[in-house]
Amino acid sequence: MLCCNPGPAMESAEVESDILRRVRTLLRELDGHHPACQRDRGMLRWTLHKKIDQNPSNSPILVRILVKELERAERGDYRHYIIPLLHTLMYALIKAPCISDELCSRVYDFCKKLLTLPKPFCTIGLDYAARLKMERTTPGMLYQRMVISEQSLRSDPYPYQEKIFIFADPELLSEAICKALLTDTEAARVSQSPRACMCYVITHTVQAALGEGCDLSALRTRLQGMPSSEVEHWFQEVVMAVECTGSQVAADRGQHVERLQSIYSAILSSSPPGDAPLEGLQGTPLPNPNISFHLWTEDDQLWKELVLFIRPLSQSCEPDRLSQDLDNFEIQDIISDCECCEQTRFSVLSTDSGIERDLPPSAEEPFAPCSADTEQSRLHRKGGIKKKPSPLESVAFLQTGCNGPGAKPAAKVQRRVGIPTEPTAPLLRLHTARIVLLGDDRILGRLAQAYHSLRKRETRRVFLTPRLNLQFYYVPVTGQPGTPAAAVSLNPSATSPEELCEVAAYLGRADPWYESNINTLCHMIPKLATMPSSPSKHLVTDLFITDVIAYYVRMGAQPVCFQVYAVKVFFSSSAQEPAEDVFLTELCAQVQDSISSREVNPTKKKTTLDGPGIDLTVTYRKVVVSDRAKEVSLSLRSTGLSMKAIPANTAEDLACLNVNITEVVRINNLSGRSFSTVANKLKTCNIKIRSTEQRPFTLCLDKDSRRTYRSVVSLEVSPCLEPSYCLQKSRTMKFSLQEAEDVGLVKYMPKSLLLPINTFAGVIQ
């Protein structure tokens, strides 16, 4: 009697049913139907990919299901499903051991359909269509490039490098959270060696091209027995083969497979032939990216880390001195004729005539007879003012870090006029720094300060901009109850997690995939950090936190740009110079009760002094539909005010301040005189506030009392200008008799300073 064995067909159906159930659950979470177990919220995407990692042969099943769900979402007009499904699909496709050309073709065709939709669908569709076109011709290219750049593996055909910098403010997060994050990132960084990553690239690329014809077990065994130099040789051969095929206009997949087949045969040529049958497709791990964790304790720490990323101390002849230069470096501003960023200039007394021919001959330039033309060309004066140089910004320091692909070694400076210098090769942005901020709105305020300082520094002397691609990411994390009191805002209502994470809430409303994957970490990271030590804790934290951050920086490429605002503060003491600062989320002002109004102005009548608050004069530029400027002035009595730059919903403009002034209204009734408060709401981009009584008030920026100004009598708020725009504008005005509209190069430069924070989709309207 014959019995029917269900076998692999039944198992495949069960696997497909389980994966489909997980994908549908993921989509229901996007609709607001959270899982019954709150512990699983935000972990559905992670568990789905981890299940495929355990059995990589199921990758084609997941890709096929995701393609069907994408096509169903397009037909049913469920657009909010498209971007999450597409990110999930691409991440699975990059990690998959081998995907058929038929499946890649279906995904490619779907991405081309997205080009007819508005942003961000067309932007993401175009990006993924270009990647899929390369992957169809050269299988394994996306995985190979990701590993090479993230691990900074030396490769001439693909010389790009990436690094993830995680910044956390130790005064905003508890010590337990900082220790847990430091432990996890250090474990992720040391877990992978360059040799292991090279082997991963070789095995994954060869299997992606050859498919089931690749004996992966024999290939791994052969690579493990090789010396490191030989592994690096075959790694370079594989990279060269992939990049050569990818750079061809009309690349042929068949020729690419032949090249990798020859490399595969050459690697196994010295191995004894085995009789074991092929085991089918096997997965290759995607190593964790290069992550470094930093406690943000210095104002210019971000700039220092970026400089050292481009020019490591190991490249320096004197690392100890360079380290000291980094510690002693002081931030200088740009130029004296730029109002938004003035600079101290240092005069140097010159004892010579100022004519070059009167200078003594230097050792490096021996004296030689010169013709009359040459003599005449040397009759010109030198500049009489020198700027105090900074050790870190010396020409030798900056240029030694620039030697490499896309940069030309520094040539000897030509002192004589009329001798042309050799043209410099254009620089390439070979480095990508991914800055991940952990904390609440207060650390984003520090980031705005650091970014403004960095832009000013780059305007004065360009170094990072042409060489570095800078990307910002934000993971909201709330501090524990032990958070220092110094980090609490003046506004008591801002101490709640919801008030301290307004930026994260806005990004979650704009991008549902960000809300599902990143905003859920706000409370999850503190819980994981305070879990008692156990094997299960390490299993979760070592995988989950690092994997989610890696997924975010790998797939989150759509920026949401926030306007940075500049504030100029005037104090009650005439001896105190006005202060200039920037803020990103909120400005809060409250009346200072320490000084009575009679002490400030004792001649005022008593009737005007009754009631709380102070008299203010408010002048602002009203926001109208026609975009025309309309100046409005008003006088009122107030106890405080707040300016919020983060709108309550995504339909409002990000480049607009919502000003809420608590106005004191006097009420006369039969029982006597009383006072009440009403909220006076304004929308503006430029506003000036002055205390007419000269009574001071206290100012707090970005909900951080460490950034508090006291004894303030006046303030001016406006959108912060891009420092490079200010510089070019000031140069243009030198040749203009009157202030006119932007002309020439200024017209095409960004005017406002925007802080871009990457999410998965940007803003979905």
Side-chain angles (χ1 to χ4, degrees), residues 23 25-35 38 40-49 73 78-91 114 118-121 123-125 127-128 164 166-167 434-441 443-444 447 471-478 497-498 500-525 544-562 584-585 645-652 654 754-765:
V23 172
T25 306
L26 196 65
L27 297 180
R28 283 196 298 272
E29 187 180 29
L30 293 174
D31 291 329
H33 303 291
H34 302 304
Q38 289 296 317
D40 295 335
R41 187 182 176 191
M43 301 185 68
L44 297 177
R45 194 277 318 164
W46 180 74
T47 55
L48 175 63
H49 281 134
Y78 296 102
R79 287 190 179 180
H80 61 292
Y81 290 170
I82 291 179
I83 292 179
L85 286 172
L86 200 55
H87 284 315
T88 307
L89 188 153
M90 286 298 298
Y91 202 60
L114 297 181
K119 291 183 178 181
F121 300 98
T123 306
I124 298 176
D127 178 34
Y128 282 165
I164 299 175
I166 298 180
F167 278 85
R434 305 189 184 276
I435 312 298
V436 181
L437 281 302
L438 266 66
D440 50 40
D441 292 346
I443 196 170
L444 292 179
L447 175 63
Q471 303 285 326
F472 294 109
Y473 304 82
Y474 173 47
V475 176
V477 180
T478 55
E498 292 76 15
L500 289 175
C501 295
E502 287 185 322
V503 174
Y506 177 86
L507 294 176
R509 291 190 298 269
D511 182 0
W513 200 230
Y514 181 91
E515 173 69 24
S516 176
N517 289 273
I518 305 303
N519 273 350
T520 50
L521 297 178
C522 183
H523 304 288
M524 190 175 296
I525 290 180
F544 180 72
I545 297 178
T546 305
D547 283 359
V548 172
I549 292 179
Y551 175 78
Y552 178 27
V553 299
R554 284 165 174 166
M555 311 307 290
Q558 304 303 315
V560 178
C561 296
F562 293 90
L584 182 72
T585 60
I646 309 301
N649 56 73
T650 57
E652 297 184 27
L654 269 175
L754 303 178
L755 180 64
I757 297 179
N758 281 7
T759 64
F760 298 102
V763 178
I764 301 179
Q765 298 294 345

Reported [atom1]-to-[atom2] distance for the pair [X] and [Y], which is rounded to 0.5 angstrom:
X: Arg434; Y: Arg554; atom1: CZ; atom2: CZ; answer: 10.0 Å
X: Asn649; Y: Glu652; atom1: CG; atom2: CD; answer: 4.5 Å
X: Tyr514; Y: Ile757; atom1: OH; atom2: CD1; answer: 7.5 Å
X: Thr88; Y: His49; atom1: OG1; atom2: NE2; answer: 5.5 Å
X: Leu44; Y: Leu26; atom1: CG; atom2: CG; answer: 6.0 Å

* **Centroid separation Tyr552 to His87 less than 6.0 Å** =>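 Here the rings of His87 and Tyr552 have centres that are no less than 6.0 Å from each other.
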* Asked: When the ring centroid of Phe472 is compared with that of Phe167, is the distance short of 6.0 Å?
  ->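 No, the ring centres sit 6.0 Å or more apart.
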Check: [Y] and [X] side chains under 4.5 Å, non-hydrogen atoms:
X: Lys119; Y: Gln558; answer: no
X: Phe562; Y: Leu654; answer: yes
X: Leu438; Y: Tyr474; answer: no
X: Val477; Y: Val475; answer: yes
X: Pro120; Y: Ile83; answer: yes
X: His523; Y: Thr478; answer: yes
X: Leu507; Y: Asp511; answer: no
X: His80; Y: Asp31; answer: yes

Taking all non-hydrogen atoms of both residues into account, name the closest pair between [X] and [Y] and its distance.
X: Ala761; Y: Ile124; result: CA-CD1, 4.2 Å
X: Ala645; Y: Leu584; result: CB-O, 3.2 Å
X: Pro476; Y: Asn519; result: CG-OD1, 3.3 Å
X: Glu515; Y: Gly508; result: OE1-CA, 3.4 Å
X: Ala73; Y: Ile82; result: CB-CG1, 4.3 Å

Do any N or O atoms from the side chain of [X] and from the backbone of [Y] form a donor-acceptor pair under 3.5 angstrom?
X: Arg509; Y: Ala648; value: yes
X: Asp441; Y: Glu502; value: yes
X: Asp547; Y: Ala550; value: no
X: Asn758; Y: Gly556; value: yes
X: Ser516; Y: Pro512; value: no
X: Asn517; Y: Val548; value: no

* Mutual orientation of the aromatic rings belonging to Phe760 and Trp513 [parallel < 30°, tilted 30-60°, perpendicular > 60°] ->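 Phe760 and Trp513: perpendicular rings.
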* Within 6.0 Å of OH in Tyr91, more than 12 heavy atoms from elsewhere ->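 It does: Tyr91 OH has more than 12 such atoms within range.
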* Apply the test side-chain contact (heavy atoms from CB on, under 4.5 Å) to residues Leu27 and Leu85: give CA-CA distance (whole Å), side-chain angles for both, the deciding distance (0.1 Å), then the verdict. => CA-CA 8 Å; Leu27 297 180; Leu85 286 172; 3.8 Å; yes
* To do: Check step by step if side-chain contact (heavy atoms from CB on, under 4.5 Å) holds for Gln471 and Ile435.
  => CA-CA 6 Å; Gln471 303 285 326; Ile435 312 298; over 6 Å; no
